[in-house]
Amino acid sequence: MTESAAGNPSRPAAVKSADRTVELLEVLASFDRRMTLTELHRELSYPKSSLYMLLQTLVARGWIEVDPDRGTYGIGVRALLVGTSYLDHDPVVRTAIRLMEQIRLEINETVHLARLDGPNVVYLASRESEHHLRVVSRVGRRLPAFSTALGKAVLSTRPPEELESLLPKDMAPLTANTVTDPDALRAQLAEFRSLGYAFEREENTPGLCCFAVALPYRSPVTDALSCSVPVARLDDEHERQVIGALLNAARTLSELLRQPGLTSL
C-alpha cells in the first residue's frame, strides 16, 4: 500500500478522500492489467464499501473504466487526457522535441527525453529511428534509473550522499548485464561524471546499447537525452557520432532552457 501522509512526516497533512483517490489511481496505473475490487482492497486496505463507492464515482467521471462482465477496473480516458496535457504544457518537452528530431535525422537512431521521478525515470518524448531494427519506447514508461543510461546520466550529477535516497533498496537486475552492486554503480557514475555522458550496454534490454547526457538547465538536474542503438549496428565510429550528437544537442537545449521564464513549471 502507498505510504500514508501520517506515516511520512515530510509530507503535508492530506485530505483523506483526495489522498485515497490518488493512491487508487496510482495502483491501477502500476499494474499491466485490470484489477478486481478484491485485489484493490488487498493493495490499499480501504474499507471495501468505501473503496467501491470511490470506484463508482471515478467510473462516472471517466477516470476509471469498468468491465462489468469480469468485474475489473482500469485507468480511464480522463486520466489519459490529463497525462497528455502535462506533456502539452511542459516547456522542456516542447523545446526538446525540435532538437530530438534533428538528432534522429543526423544519426537515424531512436532518441528519448526522460525525467527522474524518485528512483525511476519516466519517458516524456521519443523520436524513432527509420531502421527496420529499432527501439520503440512508449511515452509514460517508467524504468529504474540505475539500469538506464538516462537515469545514470542524471544520477551522475548528484552528490554521492544523495544517491542513497535515489536508489531502491533492492536493485533487481533487468538483464544479466545490469549493474546491481552499489559500489560498482557508484564507480560507474563517477566515471560518467568525468566523461560528461553515460552509457549502458545491454543492462536494460538484451541486444541494445544506450548513451545519454544530462540536461543541466536547472539544479538539481532532473532530465536527460538519450540515444538507443542495437548492438548489431554499433561500431566505434557510430558510437562517436552518437555521443557527439547528444553532447551538442544537450548544450544547445540547456542554453535554450536557461532563458528566463521558459521553464517555470
Side-chain angles (χ1 to χ4, degrees), residues 1-8 10-90 92-94 97 110 112-128 134-145 147-148 150-151 168-170 172-175 204-206 208 228 265:
M1 186 178 74
T2 305
E3 186 179 32
S4 67
N8 184 353
S10 66
R11 289 176 56 185
V15 176
K16 182 187 288 187
S17 59
D19 211 38
R20 286 184 169 182
T21 299
V22 172
E23 287 181 336
L24 172 57
L25 291 170
E26 288 180 344
V27 166
L28 286 172
S30 69
F31 279 75
D32 58 2
R33 59 176 176 79
R34 296 192 172 196
M35 302 177 70
T36 65
L37 176 62
T38 299
E39 289 173 326
L40 288 167
H41 174 64
R42 185 166 57 244
E43 288 290 325
L44 294 163
S45 299
Y46 302 161
K48 214 165 189 177
S49 58
S50 299
L51 177 58
Y52 178 77
M53 292 304 297
L54 179 56
L55 284 166
Q56 297 312 300
T57 300
L58 293 173
V59 167
R61 297 296 297 264
W63 283 83
I64 288 177
E65 294 178 350
V66 60
D67 182 337
D69 295 329
R70 294 181 173 83
T72 54
Y73 298 87
I75 291 292
V77 70
R78 290 289 174 183
L80 172 62
L81 294 175
V82 171
T84 302
S85 71
Y86 175 84
L87 299 176
D88 291 341
H89 293 90
D90 190 306
V92 178
V93 175
R94 292 200 308 267
I97 289 288
T110 300
H112 308 288
L113 170 71
R115 180 165 294 159
L116 190 69
D117 179 35
N120 302 305
V121 288
V122 180
Y123 286 75
L124 302 180
S126 291
R127 286 295 180 268
E128 292 180 17
R134 65 181 186 271
V135 182
V136 179
S137 290
R138 62 179 175 83
V139 171
R141 186 185 185 196
R142 293 166 62 91
L143 288 173
S147 69
T148 64
L150 286 158
K169 293 180 180 179
D170 177 23
L174 276 69
T175 73
N204 184 49
T205 305
L208 193 68
S228 300
L265 303 180

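The side-chain heavy atoms of L54 and T21, taken from C-beta on, include a pair separated by under 4.5 Å. A heavy-atom distance below 4.5 Å is not found between the side chains of T57 and W63. A heavy-atom distance below 4.5 Å is found between the side chains of I75 and L25. Counting heavy atoms from C-beta outward, Q56 and V66 have side chains that stay 4.5 Å or more apart.
Nearest heavy-atom pair, N204 versus S147, reported as atom, atom and distance to 0.1 Å: CB-O, 3.5 Å. Minimum heavy-atom separation, H112 to T110: CE1-CG2, 3.5 Å. Minimum interatomic distance between T36 and E39 (heavy atoms only, all atoms of both residues): N-OE1, 2.9 Å. Residue I64 comes nearest to L28 through the heavy atom pair CD1-CD1, 3.5 Å, listed as atom of the first residue, atom of the second, then distance. Y46 approaches H41 most closely through the heavy-atom pair O-ND1, 2.7 Å. Across every non-hydrogen atom of V121 and G151, the tightest pair is CG1-CA, 3.6 Å.
With sequence neighbours left out, R34 forms a side chain to side chain donor-acceptor pair (under 3.5 Å) with E65.
Between the CZ atom in F31 and the OG1 atom in T72 there is a gap of 13.5 Å [rounded to 0.5 Å]. With rounding to the nearest 0.5 angstrom, the OG atom of S17 is 13.5 Å from the CE atom of M53. A distance of 11.0 Å separates CG in L24 from CD in E43, rounded to the nearest 0.5 Å. Considering CG of L150 and CG of L113, their distance stands at 8.0 Å, rounded to 0.5 Å. Here the straight-line distance linking atom CG of L80 with atom OG of S85 works out to 9.5 Å at 0.5 Å rounding. Taking CG of L40 as the reference point, atom CD of E23 lies at 12.0 Å (rounded to 0.5 Å).
More than 12 heavy-atom neighbours from other residues, nucleotides or ligands sit within 6.0 angstrom of CZ on R33.
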